[in-house]
Each structure stands twice: as C-alpha cells, then as structure tokens.
Amino acid sequence: MAETIVTPGHQPAPSEIEDTHLRHHFATPEQQMDSATLGMRTFLITEVLFFGGMFASYAVYRNLYYDAFASTSHYMDVPLGATNTAVLICSSLTMAMSVRAAQLSRRNDLIKYLILTMIFGTAFLVIKAFEYHNKWEEHLVPGFGFRYDQPQFEHNAQILFFLYFCMTGMHAIHMIVGLGLLTYLAVQAYRRVYHASYYSPVEMIGLYWHFVDIVWIFLFPLLYLIGHRK
Amino acid sequence: MNAHHAPIPKVGTLVAVWATLIVLTVVTAAISYVELGELNVIVALLIAVGKASLVAWIFMGVRFTTTLTKLFVVAGLVWLGILVLLTYSDYSSRNWTYQSRPWNQTKTPMFEK
C-alpha cells in the first residue's frame with residue numbers, strides 16, 4: 001500500500017514518494033517500526049539467554065577445574081583471536097554505516113557497506129577455519145584422538161575444548177546465518193527496495209549482526225586470554 | 001513524515017566508537033600478558049562489558065529506542081543474571097553442605113577442590 005505524504009510547497013524527492021510498506025494492522029509507519037524493533041530485541045534477548053547457558057556452564061566448570069582451564073589458554077592463538085575481534089568490530093562499523101546509508105536513501109553506499117560487511121564476516125570465518133584446522137592438527141579436538149601435554153589435566157582440559165568448539169561453533173553458525181541475511185539485504189538494496197521511508201529490514205539484521213559481535217566480545221577474553229600467561 | 005523516528009547517527013560518532021573498540025581490544029590482549037592474579041579475569045571481563053555496552057548503546061541504537069524497549073533490554077539482562085548467578089552459586093556452594101555434615105560419607109570427587 002503506497003502512502004504518499006507531501007508537505008505543501010515541497011517537491012518530493014523520488015525517495016520520499018516510495019512505498020513505506022505499512023501493513024494494515026499498524027496505524028503509522030512509526031508504530032510499525034517500534035513493533036519491529038521491540039520484536040527483534042526480544043528475539044535477541046532469547047539469544048542472549050541461549051548463549052548465557054553456555055557461558056554459565058563455562059563459569060561452573062572453570063570454578064571446578066580452575067588449573068586445567070587456565071592451562072588451556074596456552075594453546076589458544078591470541079594474535080589470531082585478537083585479529084578476529086578487530087575484523088568483527090570493523091564489520092560492525094560497516095553494518096552501522098549500512099543502516100545510516102539506508103536512512104539517507106543512499107543506495108550505492110548501502111550496497112557498498114553491505115558488501116564490505118560480508119567481506120569482513122567471511123574473513124572472520126576463514127581465520128576461524130584456520131584456527132579449527134590448527135586445533136585438529138594439534139590433537140586438541142575433544143573425543144577425536146585428544147592429546148594433551150599435561151597428563152594431569154588431560155580429562156578436564158577436554159571439557160574446555162568441548163566448550164570452545166560448542167561456543168565458537170554456535171557463534172560461527174550465527175555468522176553464516178548473518179551472511180545469508182546480508183546477501184538478501186544486498187540483493188534487495190540492488191533492487192531499490194530500501195530508502196529513508198522503509199529500511200527496517202536493514203536495521204533489524206543490523207541489530208542481529210551487532211549481537212553476534214557482542215557474543216564474540218565475551219568469547220575472546222574468556223577462551224583466549226584468561227590464564228594464557230602461565 | 002518518514003518512517004524513521006530515530007535520529008540518523010553521525011559518522012564521527014560511529015567511527016569514534018569503532019576506534020575505541022579497537023583500542024580496547026588491543027588493551028585487553030596486552031593486559032593478558034601481564035600477571036595480575038585474579039585481577040586479570042576482572043579486568044578482561046570489565047573491558048568486555050564496556051565494549052559490549054558501547055556496541056549496544058551506539059551501534060545497536062539503544063540510546064534512540066523507546067522506554068519500553070530499554071525496559072526489555074534490562075529485563076533480558078536480569079534474566080541472564082538469574083541464570084548465571086543461581087547456577088554458579090548452586091555448584092560453588094555444594095561443598096559447603098558436605099562440610100556441614102561430617103558424618104556424610106558420600107562425597108563425590110567432582111566437588112572436591
């Protein structure tokens with residue numbers, strides 16, 4: 001349902017006379033946007049609790065097997081982990097810039113920043129894949145010929161590596177889903193769907209992308225940094 | 001009248017947040033090489049909370065949202081707190097019950113420190 005609102009004496013720019021995609025059960029585009037935002041944030045809160053379960057089990061096992069967990073940080077690649085953190089932060093910036101471009105109806109900027117975000121996201125996954133490969137080579141994958149230099153920690157250190165693969169794996173799956181969503185956004189942006197009056201998909205998927213960044217912001221210190229100086 | 005009620009963020013703000021996040025990442029990685037004892041964990045987590053708050057407040061635009069949405073975000077954090085605190089306090093206090101009942105011989109090795 002196209003809604004055209006023209007203030008008197010004002011020649012509307014092409015972007016202003018485009019569809020606001022207002023559904024019939026909402027009174028105004030503002031109300032529709034508020035509902036979408038609230039719904040997306042509610043979903044993200046359930047995601048926080050989903051990851052929170054894994055963070056809680058990490059906290060419990062770290063308390064039970066303190067020394068074994070501290071010893072594992074030695075096997076984590078801190079430079080690669082820090083690089084990945086920086087890559088994700090850059091992708092968050094380009095995602096925020098995408099939303100801004102959509103708000104300003106700048107289609108070419110929007111496409112450019114979405115593709116940049118996807119490049120950063122892919123770079124993250126590639127670095128992660130190298131790390132997984134190294135873990136496999138070093139026999140640090142729990143259950144599959146796990147070998148550990150410190151035999152007294154062999155059993156309990158496996159728990160940390162199990163949590164490591166669970167948490168980073170779930171995070172990587174979220175990244176892959178995010179890359180799919182960004183591809184959809186880029187195609188829609190190419191088809192000129194988004195403009196100043198209608199950009200909520202860009203903002204919602206942006207929220208999701210930033211959330212995935214926040215998860216990594218906590219995973220990085222907990223898995224890589226705690227106790228690796230020992 | 002446009003669909004957006006939120007003010008458009010300034011490029012300078014976004015870039016400043018990005019720079020702060022990068023600096024904090026370098027700082028947290030560098031501090032982890034310094035032996036501070038228990039402080040290492042606390043500092044690492046404080047920096048992570050600071051970075052996450054910046055992302056949520058500026059990049060995710062919580063600052064521009066309605067009071068209702070802010071309330072939802074806070075409620076989510078409260079539930080996360082309940083999840084972590086109750087689980088953690090359960091496990092970390094199981095030892096206490098055994099110590100308070102010295103006649104109880106059924107100690108499980110899992111909870112011995």
Side-chain angles (χ1 to χ4, degrees), chain A residues 5 16 20-22 28-30 32-34 37-38 41-42 44-46 48-49 52-53 55-57 59-60 63-64 66 78-79 81-82 85-86 89-90 92-93 95-97 99-100 103-104 196-200 203 206-207 210-211 213-214 217-218 220-222 224-229, chain B residues 1-11 14-15 17-18 21-22 24-26 28-29 31-36 40-41 43-45 47-49 51-53 55-56 58-62 65-66 68-69 72-73 75-77 79-81 83-88 90-92 110-111 113:
Chain A
I5 297 154
E16 285 176 84
T20 59
H21 293 248
L22 181 68
T28 59
E30 284 83 357
Q32 177 168 275
M33 188 71 170
D34 279 341
T37 308
L38 186 61
R41 283 174 205 274
T42 309
L44 291 180
I45 286 162
T46 65
V48 167
L49 293 174
F55 279 110
S57 49
V60 165
N63 185 37
L64 286 176
Y66 187 85
V78 176
T85 313
I89 289 169
C90 292
S92 260
L93 174 69
M95 189 69 232
M97 293 297 287
V99 176
R100 186 174 185 277
Q103 288 173 327
L104 294 169
S197 304
Y198 178 69
Y199 62 88
S200 54
E203 179 158 352
L207 290 179
H210 295 310
F211 161 77
D213 185 19
I214 287 182
I217 283 176
F218 282 99
F220 173 58
L222 288 179
Y224 290 76
L225 298 184
I226 290 177
H228 79 91
R229 68 210 163 275
Chain B
M1 190 169 89
N2 282 332
H4 62 81
H5 51 282
I8 296 165
K10 293 190 185 78
V11 177
L14 298 179
V15 172
V17 169
W18 169 80
L21 290 171
I22 294 285
L24 283 177
T25 303
V26 173
T28 192
I31 286 184
S32 75
Y33 287 94
V34 184
E35 177 62 60
L36 296 171
N40 274 112
V41 181
V43 169
L45 280 178
I47 291 178
V49 168
K51 285 163 74 181
S53 313
V55 173
I58 310 284
F59 281 171
M60 296 178 86
V62 173
T65 57
T66 56
L68 179 65
T69 309
F72 266 58
V73 174
L77 294 179
W79 283 110
L80 179 67
L83 171 71
V84 174
L85 269 183
L86 288 193
T87 312
Y88 193 80
D90 170 21
Y91 273 90
S92 57
M110 188 179 169
F111 302 115
K113 294 279 288 214

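Order of the sequence lines fixes the chain letters, A, B, ..., with proteins taken first and strands second; residue numbering starts at 1 for each chain. All values below come from the heavy atoms of this structure, side chains included, with hydrogens, waters and symmetry mates left out. Note that this is a predicted model, so its numbers are computed, not measured.
Side-chain contact check for B:K51 versus A:I89: some heavy-atom pair is nearer than 4.5 Å. The shortest side-chain heavy-atom distance between B:K10 and A:R100 does not fall under the 4.5 Å cut-off. A 4.5 Å side-chain heavy-atom check between A:L222 and B:L45 finds at least one atom pair inside the cut-off. Proximity of B:W18 to A:C90: side-chain heavy atoms (C-beta onward) are separated by under 4.5 Å at one or more points. For the pair A:L93 and B:F59, the minimum side-chain heavy-atom distance is below 4.5 Å. The shortest side-chain heavy-atom distance between B:Y33 and A:V78 falls under the 4.5 Å cut-off. Residues A:F220 and B:T28 are in side-chain contact: their nearest non-hydrogen atoms beyond the backbone lie under 4.5 Å apart. Under the 4.5 Å side-chain criterion, counting only non-hydrogen atoms from C-beta, A:F218 is in contact with B:V49.
Across all their heavy atoms, B:V55 and A:I217 have their closest contact at CG2-CD1, 3.9 Å. Of all non-hydrogen atoms in A:R41 and B:M60, the two that sit nearest each other are NH2-O, 2.7 Å.
Separating the CH2 atom in B:W79 from the CG atom in A:L49 is a distance of 9.0 Å, to the nearest 0.5 Å.
In this view, B:T69 and B:T66 satisfy the side chain to side chain donor-acceptor pair (under 3.5 Å) rule, not counting sequence neighbours.
Between chain A and the residues B:V15, B:V26, B:L24, B:V62, the most heavy-atom pairs under 4.5 angstrom are made by B:V62.
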